[in-house]
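Below is one structure, written out as C-alpha coordinates; comments come after it.
Chain identifiers are assigned alphabetically (A, B, ...) following the order of the sequence lines, protein sequences preceding nucleic acid strands; residue numbering begins at 1 within each chain. Values reported hereafter were calculated over all heavy atoms of this structure, with side chains retained and with hydrogens, waters and symmetry mates removed.
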Amino acid sequence: MRFQAPRGTEDVLPDRAHVWQWIEREFRALTHAYGYREIRTPVFEDTELFIRSAGETSDVVSKEMYEFKDKGDRSLTLKPESTAPAMRALVEHNLCPQGTVTRLCYVSSAHYRYDRPQKGRLREHHQCGIELVGSPSPAADAEVIEVAVRFLQRLGLMDVTVRLNSIGRDECRQRYREVLLEHAKPYLDQAAEDVREKAQKNPLRLLDSKDPAAQELMATAPSILDYLEDDSLARFTELQALLSAAEIPYVVAPEIVRGLDYYTETVFEVLSSNLGAQSAMCGGGRYDNLIKELGGSALPSVGFGMGVERLILVLESIGALPAAPRPKVFIAYHGEELRAEAFAIVRQLRAEGIAVVTDVDARSLKSQLRQADKSVAEFVAVLGEDEIASGTVSLKHMDSGDQRSVLRNELAGALG
RNA sequence: GCGGUUGUAGCUCAGGGGUUAGAGCGCCUGACUGUGGCUCAGGAGGUCACGGGUUCAAGACCCGUCAGCCGCCCCA
(Lines give C-alpha, C1' and ligand atoms only; values in the text may rest on other atoms or scores of the structure.)
Protein backbone atom coordinates (compact mmCIF):
# COMPACT_ATOMS: atom_id res chain seq x y z
CA MET A 1 0.00 0.00 0.00
CA ARG A 2 1.40 3.35 -1.05
CA PHE A 3 0.25 6.61 0.38
CA GLN A 4 0.34 10.16 -0.81
CA ALA A 5 0.07 13.43 1.06
CA PRO A 6 -3.59 14.33 1.67
CA ARG A 7 -5.24 16.46 -0.97
CA GLY A 8 -4.25 20.10 -0.75
CA THR A 9 -1.23 19.51 1.49
CA GLU A 10 2.45 19.81 0.61
CA ASP A 11 5.62 18.33 1.99
CA VAL A 12 8.47 20.76 2.51
CA LEU A 13 11.40 18.74 1.18
CA PRO A 14 15.06 19.19 2.21
CA ASP A 15 15.84 21.17 -0.95
CA ARG A 16 13.28 23.77 0.13
CA ALA A 17 13.42 23.74 3.91
CA HIS A 18 16.15 26.38 4.02
CA VAL A 19 13.84 28.79 2.20
CA TRP A 20 11.26 28.42 4.96
CA GLN A 21 13.96 28.86 7.59
CA TRP A 22 15.15 32.01 5.86
CA ILE A 23 11.65 33.53 5.64
CA GLU A 24 10.95 32.70 9.28
CA ARG A 25 14.31 34.08 10.38
CA GLU A 26 13.80 37.33 8.49
CA PHE A 27 10.25 37.69 9.75
CA ARG A 28 11.31 37.19 13.35
CA ALA A 29 14.15 39.66 12.98
CA LEU A 30 11.95 42.36 11.45
CA THR A 31 9.00 42.01 13.81
CA HIS A 32 11.40 41.97 16.73
CA ALA A 33 12.76 45.30 15.54
CA TYR A 34 9.22 46.70 15.69
CA GLY A 35 8.57 45.32 19.16
CA TYR A 36 6.36 42.37 18.26
CA ARG A 37 6.44 39.26 20.41
CA GLU A 38 5.64 35.79 19.17
CA ILE A 39 2.50 33.93 20.16
CA ARG A 40 1.69 30.30 19.31
CA THR A 41 -1.88 29.15 19.59
CA PRO A 42 -3.34 25.61 19.27
CA VAL A 43 -3.95 24.12 15.86
CA PHE A 44 -7.62 23.64 16.80
CA GLU A 45 -10.09 25.77 18.69
CA ASP A 46 -13.68 25.68 19.85
CA THR A 47 -15.73 25.82 16.65
CA GLU A 48 -17.86 28.60 18.06
CA LEU A 49 -14.83 30.92 18.17
CA PHE A 50 -14.68 31.06 14.38
CA ILE A 51 -18.43 31.33 13.92
CA ARG A 52 -18.48 34.31 16.26
CA SER A 53 -15.50 36.05 14.70
CA ALA A 54 -15.54 35.37 10.97
CA GLY A 55 -19.32 35.34 10.76
CA GLU A 56 -21.84 32.58 10.15
CA THR A 57 -22.40 33.54 6.52
CA SER A 58 -18.74 33.97 5.58
CA ASP A 59 -17.41 31.40 3.11
CA VAL A 60 -14.76 30.36 5.59
CA VAL A 61 -17.33 29.36 8.18
CA SER A 62 -20.17 28.20 5.97
CA LYS A 63 -18.22 25.81 3.77
CA GLU A 64 -14.50 25.67 4.47
CA MET A 65 -14.06 24.61 8.07
CA TYR A 66 -12.26 21.44 9.14
CA GLU A 67 -14.71 20.73 11.91
CA PHE A 68 -14.78 17.58 14.02
CA LYS A 69 -16.03 16.16 17.29
CA ASP A 70 -13.51 14.81 19.76
CA LYS A 71 -14.13 11.82 22.02
CA GLY A 72 -15.65 14.13 24.61
CA ASP A 73 -18.23 15.29 22.05
CA ARG A 74 -16.71 18.79 21.82
CA SER A 75 -17.02 20.54 18.47
CA LEU A 76 -13.54 21.65 17.43
CA THR A 77 -12.18 23.22 14.25
CA LEU A 78 -8.69 23.35 12.75
CA LYS A 79 -7.97 27.04 12.62
CA PRO A 80 -8.83 28.69 9.28
CA GLU A 81 -7.18 31.97 10.34
CA SER A 82 -5.10 33.23 13.23
CA THR A 83 -6.53 36.53 14.36
CA ALA A 84 -9.44 35.05 16.29
CA PRO A 85 -7.30 32.46 18.12
CA ALA A 86 -4.69 35.10 18.97
CA MET A 87 -7.37 37.41 20.33
CA ARG A 88 -8.96 34.55 22.24
CA ALA A 89 -5.60 33.96 23.91
CA LEU A 90 -5.11 37.67 24.48
CA VAL A 91 -8.43 37.92 26.31
CA GLU A 92 -7.93 34.66 28.17
CA HIS A 93 -4.52 35.67 29.53
CA ASN A 94 -5.18 39.40 29.76
CA LEU A 95 -2.25 40.22 27.48
CA CYS A 96 -3.50 43.73 26.83
CA PRO A 97 -4.69 45.48 30.00
CA GLN A 98 -6.88 48.55 29.49
CA GLY A 99 -4.88 51.53 28.33
CA THR A 100 -1.94 49.58 26.93
CA VAL A 101 -0.90 48.51 23.46
CA THR A 102 0.19 44.95 22.70
CA ARG A 103 2.10 43.73 19.67
CA LEU A 104 1.86 40.05 18.73
CA CYS A 105 3.24 38.03 15.84
CA TYR A 106 2.99 34.46 14.63
CA VAL A 107 5.45 32.65 12.39
CA SER A 108 4.51 30.01 9.80
CA SER A 109 1.36 29.18 11.67
CA ALA A 110 -0.63 26.35 10.00
CA HIS A 111 -4.11 27.11 8.67
CA TYR A 112 -6.80 24.81 7.31
CA ARG A 113 -9.57 25.53 4.84
CA TYR A 114 -11.55 22.88 3.05
CA ASP A 115 -11.53 24.30 -0.46
CA ARG A 116 -10.72 22.99 -3.91
CA PRO A 117 -6.93 23.12 -4.24
CA GLN A 118 -5.08 24.78 -7.09
CA LYS A 119 -1.78 26.53 -7.47
CA GLY A 120 -1.30 28.81 -4.48
CA ARG A 121 -4.38 27.52 -2.75
CA LEU A 122 -3.95 24.67 -0.32
CA ARG A 123 -6.07 23.04 2.33
CA GLU A 124 -3.17 23.38 4.73
CA HIS A 125 -1.19 26.57 4.37
CA HIS A 126 1.02 28.69 6.58
CA GLN A 127 0.99 32.34 7.47
CA CYS A 128 3.26 34.82 9.12
CA GLY A 129 1.34 37.69 10.63
CA ILE A 130 1.13 40.40 13.24
CA GLU A 131 -1.57 41.99 15.39
CA LEU A 132 -1.32 45.43 16.96
CA VAL A 133 -3.88 45.54 19.76
CA GLY A 134 -5.29 48.46 21.70
CA SER A 135 -4.89 51.51 19.47
CA PRO A 136 -7.46 53.28 17.26
CA SER A 137 -4.79 55.54 15.79
CA PRO A 138 -4.13 55.52 12.03
CA ALA A 139 -0.48 55.39 13.09
CA ALA A 140 -1.19 51.82 14.19
CA ASP A 141 -2.59 50.96 10.76
CA ALA A 142 0.42 52.60 9.15
CA GLU A 143 2.83 50.64 11.33
CA VAL A 144 1.20 47.32 10.48
CA ILE A 145 1.22 48.07 6.77
CA GLU A 146 4.82 49.22 7.01
CA VAL A 147 5.86 45.93 8.58
CA ALA A 148 4.22 43.99 5.74
CA VAL A 149 5.89 46.10 3.06
CA ARG A 150 9.33 46.22 4.67
CA PHE A 151 9.24 42.47 5.09
CA LEU A 152 8.51 41.86 1.43
CA GLN A 153 11.15 44.38 0.40
CA ARG A 154 13.65 42.74 2.71
CA LEU A 155 13.06 39.43 0.93
CA GLY A 156 13.78 41.04 -2.43
CA LEU A 157 10.32 42.07 -3.66
CA MET A 158 11.15 45.60 -4.61
CA ASP A 159 8.00 46.60 -6.47
CA VAL A 160 5.29 45.80 -3.92
CA THR A 161 2.28 48.09 -3.78
CA VAL A 162 -0.34 48.04 -1.06
CA ARG A 163 -3.95 48.18 -2.14
CA LEU A 164 -5.83 50.15 0.45
CA ASN A 165 -9.43 50.88 1.32
CA SER A 166 -11.68 51.88 4.16
CA ILE A 167 -14.99 50.14 4.66
CA GLY A 168 -15.96 52.39 7.54
CA ARG A 169 -17.94 51.40 10.58
CA ASP A 170 -21.13 49.35 10.72
CA GLU A 171 -23.48 52.34 10.34
CA CYS A 172 -21.71 53.54 7.24
CA ARG A 173 -21.58 50.10 5.69
CA GLN A 174 -25.29 49.66 6.37
CA ARG A 175 -26.18 52.77 4.39
CA TYR A 176 -23.74 52.05 1.62
CA ARG A 177 -25.12 48.54 1.14
CA GLU A 178 -28.53 49.93 0.30
CA VAL A 179 -27.11 52.44 -2.13
CA LEU A 180 -25.08 49.74 -3.80
CA LEU A 181 -27.97 47.30 -4.08
CA GLU A 182 -30.10 50.02 -5.62
CA HIS A 183 -27.37 50.79 -8.15
CA ALA A 184 -27.01 47.10 -9.01
CA LYS A 185 -30.72 46.34 -9.25
CA PRO A 186 -30.95 46.21 -13.06
CA TYR A 187 -27.95 43.89 -13.14
CA LEU A 188 -29.13 41.66 -10.33
CA ASP A 189 -32.60 41.24 -11.80
CA GLN A 190 -31.12 39.29 -14.67
CA ALA A 191 -28.14 37.78 -12.82
CA ALA A 192 -27.71 34.11 -12.03
CA GLU A 193 -29.15 32.65 -8.85
CA ASP A 194 -25.81 32.34 -7.02
CA VAL A 195 -24.88 35.92 -7.86
CA ARG A 196 -28.16 37.23 -6.42
CA GLU A 197 -27.71 35.11 -3.34
CA LYS A 198 -24.20 36.40 -2.85
CA ALA A 199 -25.34 40.00 -3.29
CA GLN A 200 -28.04 39.43 -0.73
CA LYS A 201 -25.61 38.04 1.84
CA ASN A 202 -22.87 40.58 1.27
CA PRO A 203 -23.54 43.34 -1.27
CA LEU A 204 -19.99 44.66 -0.97
CA ARG A 205 -18.85 41.49 -2.74
CA LEU A 206 -20.26 42.94 -5.95
CA LEU A 207 -17.40 45.37 -5.91
CA ASP A 208 -14.65 42.86 -6.60
CA SER A 209 -16.67 40.57 -8.85
CA LYS A 210 -14.84 39.22 -11.89
CA ASP A 211 -17.95 39.12 -14.03
CA PRO A 212 -17.45 41.68 -16.85
CA ALA A 213 -21.05 42.91 -16.62
CA ALA A 214 -20.71 43.44 -12.90
CA GLN A 215 -17.36 45.15 -13.34
CA GLU A 216 -18.80 47.53 -15.89
CA LEU A 217 -21.63 48.35 -13.53
CA MET A 218 -19.33 48.82 -10.56
CA ALA A 219 -17.18 51.25 -12.52
CA THR A 220 -20.04 53.74 -12.28
CA ALA A 221 -21.08 52.76 -8.74
CA PRO A 222 -20.83 55.30 -5.94
CA SER A 223 -17.70 54.83 -3.83
CA ILE A 224 -17.91 53.69 -0.23
CA LEU A 225 -15.43 56.44 0.54
CA ASP A 226 -18.22 58.98 -0.09
CA TYR A 227 -20.31 57.38 2.64
CA LEU A 228 -17.70 57.23 5.39
CA GLU A 229 -18.48 58.99 8.67
CA ASP A 230 -16.43 62.15 9.11
CA ASP A 231 -14.07 60.61 11.66
CA SER A 232 -13.54 57.50 9.52
CA LEU A 233 -12.68 59.63 6.54
CA ALA A 234 -10.33 61.76 8.62
CA ARG A 235 -8.53 58.64 9.84
CA PHE A 236 -8.31 57.23 6.32
CA THR A 237 -6.86 60.52 5.09
CA GLU A 238 -4.32 60.62 7.88
CA LEU A 239 -3.33 57.01 7.25
CA GLN A 240 -2.52 57.90 3.65
CA ALA A 241 -0.42 60.85 4.80
CA LEU A 242 1.49 58.59 7.18
CA LEU A 243 2.13 56.00 4.47
CA SER A 244 3.37 58.65 2.09
CA ALA A 245 5.67 60.05 4.75
CA ALA A 246 7.09 56.57 5.34
CA GLU A 247 7.49 56.08 1.58
CA ILE A 248 5.17 53.08 1.51
CA PRO A 249 3.87 52.58 -2.03
CA TYR A 250 0.07 52.28 -1.97
CA VAL A 251 -2.99 52.84 -4.10
CA VAL A 252 -6.53 53.44 -2.90
CA ALA A 253 -8.66 50.57 -4.19
CA PRO A 254 -12.32 51.19 -3.30
CA GLU A 255 -13.30 47.77 -4.64
CA ILE A 256 -11.43 45.73 -2.09
CA VAL A 257 -13.48 44.04 0.58
CA ARG A 258 -12.42 41.32 2.94
CA GLY A 259 -14.07 37.98 3.47
CA LEU A 260 -14.18 37.99 7.24
CA ASP A 261 -16.98 39.87 8.97
CA TYR A 262 -14.88 41.35 11.74
CA TYR A 263 -13.09 43.93 9.63
CA THR A 264 -13.87 47.63 10.16
CA GLU A 265 -12.44 50.77 8.59
CA THR A 266 -8.99 50.03 7.13
CA VAL A 267 -8.59 47.00 4.87
CA PHE A 268 -5.60 46.28 2.67
CA GLU A 269 -3.89 43.63 0.59
CA VAL A 270 -0.70 43.04 -1.34
CA LEU A 271 -1.07 41.26 -4.67
CA SER A 272 1.35 39.65 -7.08
CA SER A 273 0.83 39.07 -10.77
CA ASN A 274 2.93 35.92 -10.47
CA LEU A 275 0.27 33.97 -8.59
CA GLY A 276 -2.44 33.40 -11.21
CA ALA A 277 -5.96 33.50 -9.85
CA GLN A 278 -4.86 33.31 -6.22
CA SER A 279 -3.13 36.63 -6.40
CA ALA A 280 -3.22 37.82 -2.80
CA MET A 281 0.05 37.39 -0.95
CA CYS A 282 -0.92 39.36 2.09
CA GLY A 283 -4.20 40.61 3.50
CA GLY A 284 -5.21 42.48 6.59
CA GLY A 285 -7.10 45.28 8.20
CA ARG A 286 -8.59 46.79 11.28
CA TYR A 287 -10.97 44.96 13.60
CA ASP A 288 -12.31 47.27 16.28
CA ASN A 289 -15.18 45.10 17.49
CA LEU A 290 -13.71 41.61 17.52
CA ILE A 291 -12.16 41.52 20.97
CA LYS A 292 -15.34 42.75 22.63
CA GLU A 293 -17.24 40.12 20.69
CA LEU A 294 -14.90 37.52 22.20
CA GLY A 295 -15.65 38.68 25.73
CA GLY A 296 -12.80 41.14 26.19
CA SER A 297 -12.86 44.88 26.54
CA ALA A 298 -13.33 47.17 23.54
CA LEU A 299 -9.82 47.08 22.11
CA PRO A 300 -9.40 48.55 18.63
CA SER A 301 -6.81 46.53 16.71
CA VAL A 302 -5.21 45.98 13.34
CA GLY A 303 -3.17 43.19 11.76
CA PHE A 304 -2.26 41.20 8.67
CA GLY A 305 -1.58 37.65 7.55
CA MET A 306 0.89 36.68 4.86
CA GLY A 307 0.78 33.34 3.02
CA VAL A 308 4.16 31.63 3.15
CA GLU A 309 3.51 29.17 0.28
CA ARG A 310 2.34 32.01 -1.97
CA LEU A 311 5.27 34.14 -0.96
CA ILE A 312 7.65 31.35 -1.94
CA LEU A 313 5.90 30.96 -5.32
CA VAL A 314 6.40 34.66 -5.99
CA LEU A 315 10.02 34.68 -4.86
CA GLU A 316 10.70 31.61 -6.99
CA SER A 317 9.10 33.18 -10.07
CA ILE A 318 11.44 36.15 -9.88
CA GLY A 319 14.48 34.03 -9.02
CA ALA A 320 14.84 35.49 -5.53
CA LEU A 321 15.21 32.28 -3.55
CA PRO A 322 18.39 32.08 -1.46
CA ALA A 323 21.03 29.44 -2.12
CA ALA A 324 21.07 26.39 0.13
CA PRO A 325 23.51 26.48 3.03
CA ARG A 326 26.79 24.67 2.31
CA PRO A 327 28.66 22.21 4.51
CA LYS A 328 32.12 23.56 5.25
CA VAL A 329 34.05 20.40 4.48
CA PHE A 330 33.73 16.81 3.28
CA ILE A 331 36.19 14.41 4.88
CA ALA A 332 37.22 11.77 2.32
CA TYR A 333 39.42 8.81 3.23
CA HIS A 334 41.17 6.10 1.32
CA GLY A 335 39.94 2.67 2.26
CA GLU A 336 38.00 1.20 5.13
CA GLU A 337 41.18 0.89 7.28
CA LEU A 338 41.34 4.68 7.56
CA ARG A 339 37.71 5.21 8.44
CA ALA A 340 38.23 5.35 12.21
CA GLU A 341 41.03 7.87 11.75
CA ALA A 342 38.82 9.98 9.44
CA PHE A 343 35.93 9.87 11.86
CA ALA A 344 38.18 11.18 14.62
CA ILE A 345 38.85 14.26 12.49
CA VAL A 346 35.14 14.58 11.71
CA ARG A 347 34.25 14.48 15.40
CA GLN A 348 36.85 17.05 16.32
CA LEU A 349 35.73 19.53 13.66
CA ARG A 350 32.06 19.13 14.57
CA ALA A 351 32.91 19.75 18.20
CA GLU A 352 34.20 23.12 17.03
CA GLY A 353 30.87 23.86 15.39
CA ILE A 354 31.98 23.22 11.81
CA ALA A 355 29.49 21.60 9.42
CA VAL A 356 31.15 18.38 8.26
CA VAL A 357 29.94 15.55 6.03
CA THR A 358 31.67 12.29 5.28
CA ASP A 359 31.07 8.88 3.72
CA VAL A 360 29.84 6.13 6.03
CA ASP A 361 30.34 3.37 3.44
CA ALA A 362 34.09 3.72 2.76
CA ARG A 363 33.47 3.90 -0.97
CA SER A 364 36.12 4.69 -3.56
CA LEU A 365 37.83 8.05 -3.36
CA LYS A 366 36.26 9.00 -6.69
CA SER A 367 32.83 8.23 -5.30
CA GLN A 368 33.55 10.27 -2.20
CA LEU A 369 34.62 13.25 -4.30
CA ARG A 370 31.40 12.95 -6.24
CA GLN A 371 29.43 12.88 -2.99
CA ALA A 372 31.34 15.92 -1.83
CA ASP A 373 30.50 17.71 -5.07
CA LYS A 374 26.80 16.95 -4.65
CA SER A 375 26.85 18.05 -1.03
CA VAL A 376 28.16 21.45 -2.23
CA ALA A 377 30.77 21.37 0.56
CA GLU A 378 33.27 24.20 0.25
CA PHE A 379 36.28 21.97 0.90
CA VAL A 380 37.28 18.33 0.70
CA ALA A 381 39.95 17.03 3.07
CA VAL A 382 41.52 13.80 1.77
CA LEU A 383 43.07 11.34 4.19
CA GLY A 384 45.26 8.56 2.75
CA GLU A 385 48.38 6.60 3.66
CA ASP A 386 50.70 9.48 2.76
CA GLU A 387 48.76 11.96 4.88
CA ILE A 388 48.70 9.55 7.83
CA ALA A 389 52.48 9.24 7.59
CA SER A 390 53.00 13.00 7.60
CA GLY A 391 50.20 13.93 10.03
CA THR A 392 48.45 16.02 7.40
CA VAL A 393 45.39 16.08 5.16
CA SER A 394 45.17 17.20 1.54
CA LEU A 395 42.75 20.11 1.58
CA LYS A 396 41.02 20.90 -1.67
CA HIS A 397 38.92 23.99 -2.31
CA MET A 398 36.05 22.71 -4.46
CA ASP A 399 35.16 25.91 -6.31
CA SER A 400 38.72 26.70 -7.44
CA GLY A 401 40.15 23.17 -7.43
CA ASP A 402 43.22 24.37 -5.52
CA GLN A 403 44.72 21.77 -3.23
CA ARG A 404 47.37 22.00 -0.54
CA SER A 405 48.73 19.98 2.35
CA VAL A 406 47.61 21.04 5.84
CA LEU A 407 48.74 19.78 9.22
CA ARG A 408 45.91 18.01 11.00
CA ASN A 409 46.01 20.27 14.02
CA GLU A 410 45.79 23.29 11.73
CA LEU A 411 42.81 21.99 9.72
CA ALA A 412 40.09 23.86 11.60
CA GLY A 413 41.95 27.13 11.16
CA ALA A 414 42.58 26.49 7.46
CA LEU A 415 38.85 26.09 6.86
CA GLY A 416 38.06 29.52 8.25
C1' G B 1 -19.00 23.41 -4.07
C1' C B 2 -19.28 24.27 -10.00
C1' G B 3 -16.92 23.88 -15.12
C1' G B 4 -12.60 22.25 -17.83
C1' U B 5 -8.03 19.57 -18.37
C1' U B 6 -4.03 16.12 -17.19
C1' G B 7 -1.86 11.53 -14.75
C1' U B 8 3.88 6.52 -18.42
C1' A B 9 11.25 5.89 -14.58
C1' G B 10 13.49 10.43 -9.20
C1' C B 11 12.40 14.89 -13.01
C1' U B 12 10.66 16.59 -18.12
C1' C B 13 8.15 13.93 -21.66
C1' A B 14 7.45 10.31 -26.29
C1' G B 15 4.48 5.91 -27.32
C1' G B 16 -3.07 7.07 -29.19
C1' G B 17 -5.47 -1.18 -29.76
C1' G B 18 -0.84 -5.90 -31.63
C1' U B 19 5.86 -9.48 -29.48
C1' U B 20 10.05 -8.63 -23.57
C1' A B 21 7.29 0.03 -22.61
C1' G B 22 11.28 4.23 -24.62
C1' A B 23 14.36 9.09 -24.74
C1' G B 24 16.84 13.19 -22.35
C1' C B 25 18.35 14.71 -17.63
C1' G B 26 19.40 12.64 -12.80
C1' C B 27 21.38 8.22 -10.04
C1' C B 28 25.16 3.96 -9.44
C1' U B 29 29.81 1.55 -11.38
C1' G B 30 34.03 1.84 -14.45
C1' A B 31 37.73 4.14 -18.17
C1' C B 32 46.61 4.46 -14.50
C1' U B 33 43.55 0.12 -7.97
C1' G B 34 44.82 8.42 -4.51
C1' U B 35 40.72 13.12 -6.46
C1' G B 36 34.42 16.17 -8.14
C1' G B 37 32.57 19.05 -12.58
C1' C B 38 33.70 17.64 -19.06
C1' U B 39 33.71 13.18 -22.26
C1' C B 40 32.95 7.92 -23.17
C1' A B 41 31.16 2.89 -21.78
C1' G B 42 28.10 -0.12 -18.81
C1' G B 43 24.17 -0.65 -15.10
C1' A B 44 20.08 -0.02 -11.74
C1' G B 45 15.33 1.95 -11.67
C1' G B 46 8.29 1.23 -14.17
C1' U B 47 1.85 -2.58 -10.11
C1' C B 48 2.02 2.77 -17.45
C1' A B 49 -2.19 6.79 -10.58
C1' C B 50 -5.94 3.06 -8.51
C1' G B 51 -10.38 -0.20 -9.38
C1' G B 52 -13.74 -2.20 -12.75
C1' G B 53 -15.39 -2.92 -17.96
C1' U B 54 -15.07 -3.64 -23.61
C1' U B 55 -11.80 -6.79 -26.75
C1' C B 56 -8.61 -12.64 -29.30
C1' A B 57 -5.43 -8.58 -27.40
C1' A B 58 -5.57 -2.34 -23.25
C1' G B 59 -0.22 1.95 -21.28
C1' A B 60 -3.78 3.29 -25.28
C1' C B 61 -10.93 2.72 -25.69
C1' C B 62 -15.30 3.20 -21.80
C1' C B 63 -16.97 3.97 -16.52
C1' G B 64 -15.74 5.06 -11.50
C1' U B 65 -12.21 6.63 -7.74
C1' C B 66 -7.83 9.26 -6.23
C1' A B 67 -4.46 13.22 -7.28
C1' G B 68 -2.29 17.61 -9.94
C1' C B 69 -3.25 21.88 -12.91
C1' C B 70 -6.60 26.05 -15.17
C1' G B 71 -10.98 29.04 -14.48
C1' C B 72 -15.29 30.29 -11.07
C1' C B 73 -16.63 30.89 -5.83
C1' C B 74 -13.35 32.47 -2.09
C1' C B 75 -8.81 33.48 0.05
C1' A B 76 -2.96 33.42 2.29
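The glycosidic torsion of rG16(B) lies within 90° of 0, which places this base in the syn conformation.
Rounded to a whole Å, the CG atom of Asp15(A) is 12 Å from the P atom of rC27(B). The nearest whole Å value for the distance from the CZ atom in Phe27(A) to the P atom in rA76(B) is 14 Å.
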Got a list of side-chain donor-acceptor pairs under 3.5 Å for residues 402-416 of chain A, not counting sequence neighbours?
residue: Asp402(A); atom: OD2; partner: Ser400(A); partner atom: OG; Å: 3.3
residue: Arg408(A); atom: NH1; partner: Glu341(A); partner atom: OE2; Å: 3.2
residue: Arg408(A); atom: NH2; partner: Glu341(A); partner atom: OE2; Å: 3.0

Please tabulate, one pair per line, all N/O donor-acceptor pairs under 3.5 Å involving side-chain atoms of residues 178-189 of chain A, not counting sequence neighbours.
residue: His183(A); atom: NE2; partner: Leu217(A); partner atom: O; Å: 3.0
residue: His183(A); atom: NE2; partner: Thr220(A); partner atom: OG1; Å: 3.3
residue: Tyr187(A); atom: OH; partner: Asp211(A); partner atom: OD2; Å: 2.6

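Evaluation of the ring-ring contact (aromatic ring centres under 6.0 Å, His included) test over residues 310-351 of chain A, restricted to residues two or more places apart or in two chains, returns none. Applying the ring-ring contact (aromatic ring centres under 6.0 Å, His included) test to pairs two or more places apart or on separate chains, those with a residue in residues 144-181 of chain A are Phe27(A)-Phe151(A), Tyr176(A)-Tyr227(A). A ring-ring contact (aromatic ring centres under 6.0 Å, His included) check over residues 351-401 of chain A, counting only residues at least two apart or in different chains, returns the pairs Phe379(A)-His397(A).
Where pairing requires Watson-Crick or G-U contacts shorter than 3.5 Å, the helical stems of RNA chain B with at least three consecutive pairs are B:1-7 with B:66-72, B:10-13 with B:22-25, B:27-31 with B:39-43, B:49-53 with B:61-65.
In this structure, Arg113(A) reaches the bases: a heavy-atom distance under 4.0 Å links it to at least one base atom across the strands shown. The residue Asp59(A) sits close only to the backbone: its heavy atoms come under 4.0 Å of sugar-phosphate atoms, none of a base.
For Asp73(A), the salt bridge (charged side-chain N to carboxylate O under 4.0 Å, His left out) test picks out no residue, with sequence neighbours left out. Partners of Phe304(A) according to the ring-ring contact (aromatic ring centres under 6.0 Å, His included) rule, which considers only residues two or more places apart in sequence or in another chain, do not exist here. Taking the salt bridge (charged side-chain N to carboxylate O under 4.0 Å, His left out) definition, one finds that Asp208(A) meets it with Arg205(A), sequence neighbours left out. With sequence neighbours left out, the ring-ring contact (aromatic ring centres under 6.0 Å, His included) criterion links Tyr287(A) to Tyr262(A).
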Checklist entry - What string of B, S and - do you get for nucleotides 30-47 of chain B, 5' to 3', when a contact is any protein heavy atom under 4.0 Å? => result S---BBBB----------
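Across all non-hydrogen atoms, the minimal contact from Lys210(A) to Gln215(A) is CA-NE2, 3.7 Å.
The phosphate of rC73(B) has neither OP1 nor OP2 within less than 4.0 Å of any side-chain N or O from Lys63(A).
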Using a cutoff of under 3.5 Å, can you pull out all pairs of nitrogen or oxygen atoms linking the protein to nucleotides 66-69 of chain B, with atom names and distances?
residue: rC66(B); atom: O2'; partner: Gln4(A); partner atom: OE1; Å: 3.3
residue: rG68(B); atom: OP1; partner: Gly8(A); partner atom: N; Å: 2.9
residue: rG68(B); atom: OP2; partner: Arg7(A); partner atom: NE; Å: 2.8

